[in-house]
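Quick notes on the structure that follows.
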Amino acid sequence: MIILTFEGLQVECELSPSPRGGGLPGVSAASHTLTGSEIRLTLPRRAADYYRHGWQSWSLACWQPVDARVPVQKPAILQPLQTDPAHARVTGPGGSWVGAVRFEDGKVLLLGSLGTDASVELAGDVLRGWYEAPAAAGVWLVACGDETEVFEAYAAGLGDRLGRVAPAGPAPRVWCSWYSFYTAISEERLAGIIEDLRDWPIDTIQIDDGWQIDVGDWQPNEKFPSGMQELAGRIRDTGKRAGLWLAPFIVTDRSRLAREHPDWLLRDKRGNRVSAGFNWGRQLHAIDTTVPAARDWLQRLMETVREWGFDYLKLDFLYGGALPGMRQRAMPREAAYRDALKVTREAAGDAYIVTCGAPIVPSIGLCDAMRIGPDVADFWSSSRDEHLLSNPTTPGTRNAVRTTLHRLWLAPLVAVDPDVIYFPGRWNTLSAEERRMNHALAQICGFVATSDPPAWVEEAGVPSAAIRAAFGPASVRRAGPYTYEVDGTVIDFRQALGLPGPRHAGDRLLGAVLSWLGNRRFTLRILHTLNRRAAARRAD
Ligand code: 9PG
């Protein structure tokens with residue numbers, strides 16, 4: 001047993017395997033670094049709240065009362081793509097790599113791993129951390145103080161071990177095709193937008209999902225007959241950087257890659273392909289990035305998109321590289337992911353890399369920017385997902401704001417991407433107040449992007465001064481835990497924070513029915529078709 005001494009607080013700490021040569025009794029510091037595959041901290045007094053940290057960009061990060069339960073999110077079929085499937089059924093206080101408790105006096109005790117493949121939970125009065133590989137001797141940081149201080153210490157520790165990516169200049173200002181057209185993009189439609197964006201205060205035009213033959217088959221589909229090189233050239237001719245979306249660690253079951261290289265797919269103990277969730281109306285699988293031929297393919301893919309002329313890459317659905325499974329080269333899953341991201345990063349040369357749907361800690365030091373919350377949407381919150389399916393990770397601006405605010409501590413390590421901002425417009429149901437939060441968060445992050453096409457913004461009568469102002473720079477001052485002053489306006493984010501409370505019997509029943517339906521592939525296929533049609537209608 002070791003006694004960790006912080007100013008005004010002593011914490012009993014057990015490590016396994018226990019360290020040789022005793023501990024650190026009497027050492028007073030704001031943080032301690034300790035080694036062990038498991039660590040147990042006995043809280044000296046009752047804590048009020050727990051900071052839970054979800055696995056990847058879209059997974060929930062928030063403070064919760066210590067005795068609150070966060071219901072299992074539904075439908076289960078989506079869990080591999082929204083949360084760590086290994087933790088999906090944990091409702092108590094717990095999460096990936098880091099956890100913290102807040103005492104009644106506001107003091108925070110944080111426990112965080114300084115390596116990959118680790119988890120933290122609060123069980124009774126014990127804050128416990130463990131590394132997934134039983135033999136791992138992992139490093140932990142224990143910090144105590146005010147919230148900002150302890151997360152700063154954790155970020156500094158992570159940066160020392162995993163690296164920081166120094167920004168090469170101000171964060172890019174981006175137009176991204178996703179949140180206006182979704183997959184209803186074509187070279188013709190984009191050609192008009194690229195022209196319209198000439199005078200906009202942005203520097204990057206990023207083509208999102210919808211250009212490829214399939215997820216896994218990264219060649220242009222029939223809507224891009226002139227090819228991707230031509231499109232990148234068109235963007236670059238307007239003086240802007242060309243960006244492209246890819247999901248390089250996953251495939252759909254119907255992709256050519258999945259059919260031609262079944263041996264590249266991640267499998268479970270029984271030899272079945274691991275589910276990477278369900279999207280685009282298809283079953284998703286993960287690539288086993290430890291297979292040498294798959295790594296070669298990955299390298300070649302990055303080289304190809306660079307040759308096309310894209311030098312801003314949004315790498316999405318990256319969790320696929322870290323799912324549990326039997327890899328050809330046995331190694332902890334997040335270590336395998338980190339390795340694959342390194343290969344990808346190196347092959348992409350000096351491209352600006354934005355990771356998305358990405359396991360957070362294993363991506364540090366290997367990307368320029370990281371999405372730190374779920375997708376925004378042109379609505380605030382979906383009551384179906386929030387109340388009936390208990391799902392805080394699906395697209396919705398409230399979900400995005402909540403999780404992003406709780407991951408701002410990552411800012412010293414990587415550019416933090418809060419997803420796009422919306423201007424007022426025809427399709428948009430965000431209130432002025434909700435839009436203010438959406439815009440302010442982008443200013444706070446210093447990463448501003450939008451998907452609104454100039455024609456829609458013009459139609460809504462947004463003055464060009466407002467567009468310029470939205471893309472910053474802005475003066476930002478933190479006025480309280482969830483209050484910021486942005487360009488002189490006070491923004492109070494507290495209304496975005498709450499989690500849905502206990503559900504009534506009626507909601508539970510309806511939720512069970514929806515969740516059953518949501519787990520049927522045919523329902524998801526129908527939803528996908530409806531969404532695709534709606535996007536196509538809006539785009540015209
Ligand atoms: C393209 C999009 C955009 C977007 C990404 C990602 O089922 N889900 O929970 C789910 C969440 C996010 C998501 C898709 C599905 O969006 O974040 O910016 O690039 O992919 O398909």
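The figures here come from the full heavy-atom set of this structure, side chains too, leaving out hydrogens, waters and symmetry mates. For ligands, and for the atoms within them, numbers begin at 1 and follow the listed sequence.
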Note to self: Applying salt bridge (Lys or Arg N to Asp or Glu O under 4.0 Å), can you list everything that pairs with E434, at least two apart in sequence or on another chain?
What the structure shows: none

Margin query: Under 3.5 Å, is there a donor on one side chain and an acceptor on the other for N438 and R435?
Written below: no

Item checked: Distance-only polar pair, side chains of S57 and Y319, donor-acceptor under 3.5 Å -> no

Next item on the list: Search all heavy atoms of W308 against all heavy atoms of Q219 and return the closest pair with its distance.
Entry: CZ2-OE1, 4.1 Å

Check: Can you check whether H439 and Y422 have ring centres sitting under 6.0 Å from each other?
Finding: no

Next item on the list: Determine whether the aromatic ring centres of H285 and F249 lie less than 6.0 Å apart.
Entry: no

Check: Contact residues of ligand 1 with a heavy-atom cut-off of under 4.0 Å?
Finding: W58, L81, Q82, W178, Y179, D208, D209, W245, N279, W280, K314, D316, F317, C356, R371, D375

